[in-house]
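Since the structure comes first, as structure tokens, the remarks are kept for the end.
In what follows, every chain begins at residue 1, and chains take the letters A, B, ... in the order their sequences are listed. Atoms considered below: every heavy atom in the structure, side chains included; atoms not considered: hydrogens, waters and symmetry mates. Worth saying up front: this structure is predicted, and the values here are computed from it rather than measured.
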Amino acid sequence: MLKVRLPDGSTREYEHSVRPAEIAQEIGPRLARAALAAKVEDRVVSLDTPLPAEGEVSLRLLTQKDPEALAVMRHSCAHVMARAVMRLFDGVQLAFGPTIENGFYYDFGMEHKLTEEDFPAIEAEMRRIIAEDEPFERIETPREQALAVCAGLGQALKVEHINEGLKDHATLSFYRQGEFLDLCRGPHVPRAGVIGPFKLLSVAGAYWKGDASRQQLQRLYGTCFFTQQELEAHLQRVEEAKRRDHRLLGRQLELFAVHPMVGQGLVLWLPRGAIIRSLLEQWVREELVKRGYEPVYTPHIGRVELYQTSGHYPYYAESQFRPIDMEEGERYLLKPMNCPHHVMIYQSRPRSYRELPVRLAEFGTVYRYEKSGELGGMTRVRGFTQDDAHLFCTEEQVAEEFRGCLEMTQYILRTLGLTSYRVRLGFRDPASNKYVGSEDRWAKAQAALERVCREMDLPHLEIEAGEAAFYGPKADFVVADCLGREWQLGTVQLDYNLPSPERFGLEYIGPDNTPHQPVMIHRAPLGSLERFVGVLIEHFAGAFPLWLAPEQVRVMAVSEKFEEYGRQVEARLKAAGLRATGDYRAEKIGAKVRDAQLRLVPYMLIVGAREMEQGTVSVRDRIEGDLGAMPVQQAIEKLTREVQEKTVRKVAQLTAGLGTRREANTY
RNA sequence: GCUGCUGUAGCUCAGUCGGUAGAGCGCGUCCUUGGUAAGGACGAGGUCACGGGUCCGACUCCCGUCAGCAGCUCCA
């Protein structure tokens with residue numbers, strides 16, 4: 001006998017095998033029509049999946065109100081898309097077609113090169129399939145039979161997947177929809193007719209099973225919603241997000257440029273962008289000094305031997321600029337990281353335990369030869385400056401130093417109003433042996449790191465095994481850009497490798513008067529200035545808080561008669577340390593206001609006859625609008641205070657969430 | 001690096017069937033002298049990314065190079 005618990009607390013008992021669809025029917029025809037899938041305990045299943053014959057289960061019927069149902073419908077929509085593609089083109093090999101954060105995709109191996117021009121035909125075919133309203137039918141088979149079926153259909157990728165990825169599964173499931181039969185775990189909605197409005201979005205290449213050495217497939221992306229309004233709202237959000245793309249704003253607001261003549265992935269900071277960067281650097285430098293860091297400077301190149309000792313060469317040679325070859329076999333490397341140089345500073349004299357921790361900080365510019373296809377904007381570049389520092393401390397000091405690093409990173413992000421980030425604790429993969437240092441040491445370090453992180457209540461803390469560097473565990477601060485792509489900004493990493501005898505053999509003299517090996521911590525709260533500013537541009541949608549705004553205030557004269565007074569005001573603003581400009585063109589005030597608004601200037605000071613007479617300015621706030629007149633001195637004080645307090649008044653909305661994090665239903 | 005798409009004025013883009021280019025914004029000059037998101041007129045500005053090829057003729061078609069975009073893979 002089976003006892004079924006429903007969400008309202010009631011229970012139902014069944015003597016025979018029963019499917020969720022039948023229970024829905026019993027409860028009421030309206031629910032039966034609305035139900036798209038079911039949740040049995042914690043598992044989402046199709047409505048025709050038989051429940052166990054014995055015991056007790058909880059059952060929730062999923063309708064359009066449930067987010068889980070949306071994912072199920074999208075997966076079904078992916079099947080419909082695959083079916084349409086197979087109808088339109090010959091020799092289509094099916095690969096994977098999962099649901100992703102805001103839609104779905106399906107990977108195909110096929111001769112025809114799909115382009116956006118094919119979309120209307122595919123969409124039309126999909127609409128035809130949905131109108132036919134055929135059911136999705138689940139078929140379970142023993143693996144041998146499944147193999148035979150896939151082989152019979154000529155689906156070589158599925159055959160391969162059964163033999164590799166699914167070799168431990170005794171039975172496998174298919175979903176049939178008309179002539180379309182696909183190896184699939186499911187679940188699916190009951191019939192094609194319930195699939196809502198959809199749209200194909202893009203096509204791109206993808207490797208079979210994510211392996212660059214294997215066959216390249218064509219990946220078709222799409223999305224699907226319950227209602228037309230939701231679909232349109234989503235597409236509109238995507239468009240809005242694109243409008244604050246830092247690559248676009250960077251050009252429009254003249255913040256940075258990349259020129260082929262200089263080189264791919266090499267950023268030119270234009271004057272306005274350079275202001276933002278230098279203010280950030282100045283601020284971070286002040287914080288570093290407060291927190292006991294010592295600024296240092298090191299060269300941009302180092303001998304290859306330095307990197308052979310550190311282990312970066314030739315291990316990372318792939319992603320480095322080729323060495324510079326001089327006479328007599330002398331070779332130099334453009335530095336891919338700052339740590340070897342800092343290690344040499346630590347080693348410049350013997351160290352005592354009394355002076356630890358030693359904290360060496362530098363805005364160090366590094367060069368990495370990233371693959372051309374990876375580059376873009378400021379978030380992935382070939383030359384960048386890290387707000388880098390290396391801490392050398394005793395084993396006992398690790399937890400406290402780690403905490404200090406996290407605190408500083410948090411403080412910096414908080415001050416800028418950057419709150420939507422997650423913290424990824426990268427731990428070792430227990431199955432791998434690529435790591436240096438004893439397992440015992442790792443276990444202790446990971447436990448200490450986790451304890452510190454938990455105490456600090458970091459947002460969205462996730463422990464990810466296998467995400468550690470080979471030399472030590474780390475904590476990364478990860479943010480999403482306007483297209484939902486995640487970027488690592490700040491990072492704190494423990495390092496047992498560089499100090500080890502196999503590498504630099506670092507030492508300090510302990511209280512026992514014998515040498516000990518220090519632990520090293522790499523940390524960069526911003527990560528790289530390039531990436532950080534890129535993300536900041538999107539975070540503020542180009543409208544920086546007053547303290548960072550390249551142009552803080554613009555004086556504008558109502559007519560040219562008041563230019564002289566305007567220039568006096570402008571001079572006073574500048575004397576007070578504000579970045580001020582003046583607009584004295586022969587334009588109407590409305591046009592000047594509009595230009596300043598579009599240029600995202602935080603404050604406008606309007607001067608005309610009244611202001612000149614009374615020694616005042618009319619203050620217009622970019623966000624609030626007209627604030628009325630006030631004496632010049634008062635306006636200066638108001639702005640100066642806002643600068644000093646680093647006030648953040650407005651940030652752009654959250655990400656459009658175009659992320660592609662995979663959800664459960666693969667194959 | 002791989003697959004696909006794209007490259008026209010400083011920016012955003014149009015350009016039909018192959019017959020040597022166009023708009024808006026911006027910029028310059030002049031008129032207008034105004035009160036919180038666009039006043040008006042005139043004008044300058046192009047080796048159609050670059051290099052080959054096909055053709056009587058190429059911005060247009062083909063090949064290559066470079067760069068950008070999307071995704072994949074990678075990311076110390």
**A/His246-A/Phe540 aromatic ring centre distance below 6.0 Å** = no
**Prompt:** When the ring centroid of A/Tyr105 is compared with that of A/Tyr221, is the distance short of 6.0 Å?
**Reply:** yes
Reckon [X] touches a base, only the sugar-phosphate, or nothing at all at heavy-atom distances under 4.0 Å?
{"X": "A/Gly608", "answer": "base"}
{"X": "A/Val203", "answer": "nothing"}
{"X": "A/Ile606", "answer": "base"}
{"X": "A/Leu375", "answer": "sugar-phosphate"}
{"X": "A/Ala609", "answer": "base"}
{"X": "A/Arg380", "answer": "base"}

Pick the [atom1] atom in [N] and in [M], then give their distance to the nearest Å.
{"N": "B/U3", "M": "B/U73", "atom1": "P", "answer": "16 Å"}
{"N": "B/A41", "M": "B/A37", "atom1": "P", "answer": "22 Å"}
{"N": "B/G28", "M": "B/G45", "atom1": "C1'", "answer": "10 Å"}
{"N": "B/C66", "M": "B/G10", "atom1": "P", "answer": "24 Å"}

**Item:** 5' priority, RNA chain B, between A/Gly210 and A/Lys592 [closest heavy atom]
**Value:** A/Lys592
**Asked** Closer to the 5' end of RNA chain B via nearest nucleotide, is it A/Glu587 or A/Lys474?
**Response** A/Glu587
**Closest to side chain of A/Lys371, choosing from B/A76, B/G1, B/U36** = B/G1
**Message:** If you only use heavy atoms from C-beta on, which nucleotide in B/C2, B/C74, B/A70 is closest to the side chain of A/Ser202?
**Reply:** B/A70
**Message:** Is the base of B/A76 stacked against the aromatic ring of A/Tyr316, taking ring centres under 5.5 Å apart and planes under 30° as the test?
**Reply:** yes
**Item:** Minimum-distance pair of heavy atoms, taken over all atoms of A/Ala468 and A/Trp442
**Value:** CB-CZ3, 3.8 Å
**Prompt:** Between A/Arg74 and A/Ile100, what is the shortest heavy-atom contact and its length?
**Reply:** NH1-O, 4.4 Å
**Prompt:** Is a side-chain donor-acceptor pair under 3.5 Å present for A/Glu570 with A/Tyr584?
**Reply:** yes
**Asked** Phosphate oxygens OP1/OP2 of B/G10: is one of them under 4.0 Å from a side-chain N or O of A/Arg251?
**Response** no
**Asked** B/U73 base to A/Glu374 side chain: any donor-acceptor pair below 3.5 Å?
**Response** yes
